[in-house]
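Have a look at the structure below, then the notes.
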Amino acid sequence: MRAREKSIEFLKWMVEQYSPSHHEQAFSRALAGQLERRGWRAHTDEVGNTIASLGEGDTCIALLGHIDTVPGEVPVRIEDGRLFGRGTVDAKGALGAFIEAVELLEESERAGKTFLLLGCVEEEVAITRGAFHVRERYRPDFVINGEPSGAHAVTIGYKGLVRAELEYRASRRHTASRDYRAPAEHVVEAWNQLRADCDAWNRERSLFEQNLPALTSFQTGSTDTEEWARASVNVRTGPASDGERLLALLGGVPGVTVKALSNKGAVSTEGNDALSRMFKRAIRERGARPTLRLKTGTSDWNTVAEAWRVPTLAYGPGDSSLDHTPHEHIGLDEYEEGVAVLARVLALLPTKTSG
């Protein structure tokens, strides 16, 4: 492995390129240009993802990250060994560490391997369009999803997500009419049925196994002839949960229509595959004890899991509690440790010929 001089300049450049969801194109093109100059084969694809590769081997290691951030700029600055800025943690920190780790490898450590960098758009919104696009076009042998776990931890699971919009519409009536029920009552009934079902399901189950519902918005209104109520609902689901059943439950109240926006299953690994073992080994070699994390959010791993049934986990330097906050930042030492761990993992991963 090549020697590395500590530097956060490349990550700083990435963070300075403001790229909230739906507005990643300029950054995607600029990143592809930077990677070309660094020796990668790089381009932007039809949906705006940054796609780059290095190496010619038969074993494909996908470095799956996202180039979008949530909205809201954080002034980019370096203070007390920390880089502040939107995306330093979620998740340009992981993306930068991917790139710099691959570039640290000696030719002998890259032999037999192709490193495929997938900088996806729109991870921070419901559709995850970038990940849907790449999952049909590539077939990697290992997948590292770039999300903050901490330099000495790996994420071995994410909960699933069911997201839906509910609506009830009816002809307008006087509220004093016999048997009148406001549209809001019908939508609330559907929500209450879901909530009761989740409460029953969650008894004696761990947090990762539970269904966690949230009523995220509620509106009512009327016209001269019609009245209506709408609500948005999320359920963070566990690995044994049935998203289709939950959607059917929401639609079980007569007259309530359900529009499914997302139905992603939970993902997890036992932590005993070759990829997990190499991460544990690399972290121990750094003198630390590896931590295995299960997260209640979702990631692009949820999107690609069914198509890519290969060893997968999530890793990236940074403290995930800083995600989306106005003081998002990463420490230089934390970033460097993440680069070092990743480089060692990439060097250790077996090829198809080595077994």
Taking every non-hydrogen atom, the tightest pair across I67 and S19: O-OG, 2.7 Å
message: Assess whether a salt bridge exists between R135 and E306, defined as any Lys/Arg side-chain N lying under 4.0 Å from an Asp/Glu carboxylate O.
response: no
- prompt: Charged N to carboxylate O under 4.0 angstrom, R137 versus D45?
  reply: no
- request: Give the C-alpha distance, both sets of side-chain angles, the deciding distance and a yes or no for salt bridge (Lys or Arg N to Asp or Glu O under 4.0 Å) between E103 and R38.
  value: CA-CA 9 Å; E103 293 174 358; R38 295 169 78 106; 2.7 Å; yes
message: Around atom CZ of R2, are there more than 12 heavy atoms from other residues, nucleotides or ligands closer than 6.0 Å?
response: yes
query: Considering residues, nucleotides and ligands other than Q25, do more than 12 of their heavy atoms fall under 6.0 Å from its CD?
result: yes
query: On the ring face of Y180, is R173 found with NZ or CZ under 6.0 Å from the centre and within 45° of the axis?
result: no
- request: Report yes or no: does N234 contribute a side-chain atom to a donor-acceptor pair with the main-chain N or O of R163 at less than 3.5 Å?
  value: no
task: Only one of V102, L11, L104, I99 passes side chain to side chain contact (heavy atoms under 4.5 Å, CB included) with V339; say which it is.
output: L104
message: I'd like to know whether H329 forms a side chain to side chain donor-acceptor pair (under 3.5 Å) with E79, so could you lay out the CA-CA distance, the side-chain angles of the two residues, the decisive distance to 0.1 Å, and finally the verdict.
response: CA-CA 10 Å; H329 65 270; E79 291 180 2; over 6 Å; no
- prompt: Any side-chain donor-acceptor pair under 3.5 Å between T59 and T351?
  reply: no
query: Just by distance, do the side chain of N302 and the backbone of G265 share a donor-acceptor pair under 3.5 Å?
result: yes
query: Do L348 and L63 sit in the same hydrophobic cluster, where Ile, Leu, Val, Met, Phe, Trp and Tyr count as joined when their side-chain heavy atoms come under 4.5 Å apart?
result: yes
message: Once rounded to the nearest 0.5 Å, what's the spacing between atom CG of L161 and atom OG1 of T237?
response: 7.0 Å
task: Using side chain to side chain donor-acceptor pair (under 3.5 Å) as the criterion, list what pairs up with S241, not counting sequence neighbours.
output: N211
message: What I want to find out is whether R86 reaches E328 closely enough, with some N-O distance under 4.0 Å, to be called a salt bridge.
response: yes
Distance-only side-chain donor-acceptor flag, E100 / Y335, under 3.5 Å: yes
task: Determine, for R195 against D199, whether the closest basic-nitrogen to carboxylate-oxygen distance falls under 4.0 angstrom.
output: yes
message: Test of understanding: clusters of I, L, V, M, F, W, Y form through side-chain heavy atoms closer than 4.5 Å, transitively. Do V76 and L95 belong to the same one?
response: yes
- prompt: Is there a donor-acceptor pair under 3.5 Å between the side chain of E167 and the backbone N or O of V256?
  reply: no
query: In Å, rounded to the nearest 0.5 Å, how long is the span from CG of L83 to OG1 of T88?
result: 6.0 Å
- prompt: So do E165 and L261 actually touch side chain to side chain, heavy atoms under 4.5 Å?
  reply: yes
message: Students often mix this up, so state it plainly: with edges at 30° and 60°, are the rings of H186 and Y168 parallel, tilted or perpendicular?
response: parallel
message: Under a 4.0 Å threshold between the charged nitrogen and the carboxylate oxygen, would R281 count as salt-bridged to E285?
response: yes
- line: All heavy atoms of L194 vs all of P213, minimum pair found to be CD2-CB, 4.3 Å
message: When you measure from the centre of the six-membered ring of F27, is the NZ or CZ of K92 closer than 6.0 Å and no more than 45° off the axis?
response: yes
message: Would R284 and R289 count as a side chain to side chain contact (heavy atoms under 4.5 Å, CB included) here? Give the steps.
response: CA-CA 6 Å; R284 290 189 181 107; R289 181 178 179 178; over 6 Å; no
task: Is it possible for you to say whether F84 and Y18 belong to one hydrophobic cluster, with membership spreading through side-chain heavy-atom contacts below 4.5 Å?
output: no
- prompt: Same cluster for L207 and L292 if Ile/Leu/Val/Met/Phe/Trp/Tyr side chains link at under 4.5 Å?
  reply: no
task: Decide yes or no for E227 and R169: does some side-chain heavy atom of the first lie under 4.5 Å from some side-chain heavy atom of the second?
output: no
- request: Return the minimal non-hydrogen interatomic distance between P71 and P20, and the atom names on each side.
  value: CA-CB, 4.1 Å
- prompt: Between L215 and A231, which heavy-atom pair has the shortest distance, and what is it?
  reply: CD1-CB, 3.8 Å
- prompt: Do the side chains of L117 and I51 get nearer than 4.5 Å, heavy atoms only?
  reply: no
field: Check: K295 side chain, F208 main-chain N or O, donor-acceptor pair, under 3.5 Å
entry: no
- prompt: Under the 3.5 angstrom rule, does the side chain of E56 hit a backbone N or O of T114 as a donor-acceptor pair?
  reply: no
query: Does some side-chain heavy atom of V341 sit less than 4.5 Å from a side-chain heavy atom of R286?
result: yes
message: If only side-chain N and O atoms count, and only distance matters, is there a donor-acceptor pair under 3.5 Å linking T50 with T44?
response: no
- request: Run the salt-bridge test on E334 and R82 with the 4.0 Å N-O cut-off and return the result as yes or no.
  value: no
query: Between NE2 of H43 and OG of S53, what distance do you get to the nearest 0.5 Å?
result: 8.5 Å
message: Side chains of W301 and L64, heavy atoms from C-beta outward: is any pair under 4.5 Å?
response: no
message: Keeping K159 on the side-chain end and Q210 on the backbone end, is there a donor-acceptor pair under 3.5 Å?
response: yes
- request: Is it possible for you to check whether R205 lies under 6.0 Å from the centre of the six-membered ring of W201, through NZ or CZ, and within 45° of that ring's axis?
  value: yes
field: Side-chain touch F98/L118, heavy atoms, less than 4.5 angstrom
entry: no
statement: SG of C198 to CG of L249, rounded to nearest 0.5 Å, is 8.0 Å
Backbone of G316 reached by a side-chain donor or acceptor of S149 within 3.5 Å: yes
message: Tell me whether D300 contacts the main-chain N or O of T303 through its side chain, where contact means a donor paired with an acceptor under 3.5 Å.
response: no
message: Checking side-chain polar atoms at under 3.5 Å, does H66 have a donor or acceptor matched by the opposite partner on E24?
response: no
query: Is it true that a side-chain atom of T223 and a backbone atom of E226 form a donor plus acceptor pair closer than 3.5 Å?
result: yes
query: Are the side chain of R41 and the backbone N or O of G55 linked by a donor-acceptor pair below 3.5 Å?
result: yes
- request: Take D58 and K113 through the test salt bridge (Lys or Arg N to Asp or Glu O under 4.0 Å) and record every step on the way to the result.
  value: CA-CA 6 Å; D58 292 335; K113 302 169 185 175; over 6 Å; no
F279 side chain near I144 side chain, heavy-atom distance below 4.5 Å: yes
query: Mind checking whether V125 and F132 sit in one hydrophobic cluster, side chains of I, L, V, M, F, W, Y counted as touching below 4.5 Å?
result: no
query: Between E122 and R129, does at least one N-O distance fall below 4.0 Å, as a salt bridge requires?
result: yes
statement: Between A151 and G338 the two heavy atoms that sit nearest each other are CB-N, 3.9 Å
query: Take atom CD in E270; do more than 12 heavy atoms of anything else shown fall under 6.0 Å from it?
result: no
field: Straight-line distance of D273 CG to F142 CZ, nearest 0.5 Å
entry: 8.0 Å
message: Just so I know, are the side chains of V74 and H327 near enough to count as touching, which here means a heavy-atom distance under 4.5 Å?
response: no
message: For the SG atom of C60 and the CG atom of D141, what is their distance to the nearest 0.5 Å?
response: 6.5 Å
message: How close do G243 and V162 get, counting heavy atoms only, and between which atoms?
response: CA-CG2, 3.7 Å
- prompt: Would you say the side chains of N145 and S299 form a donor-acceptor pair under 3.5 Å?
  reply: yes
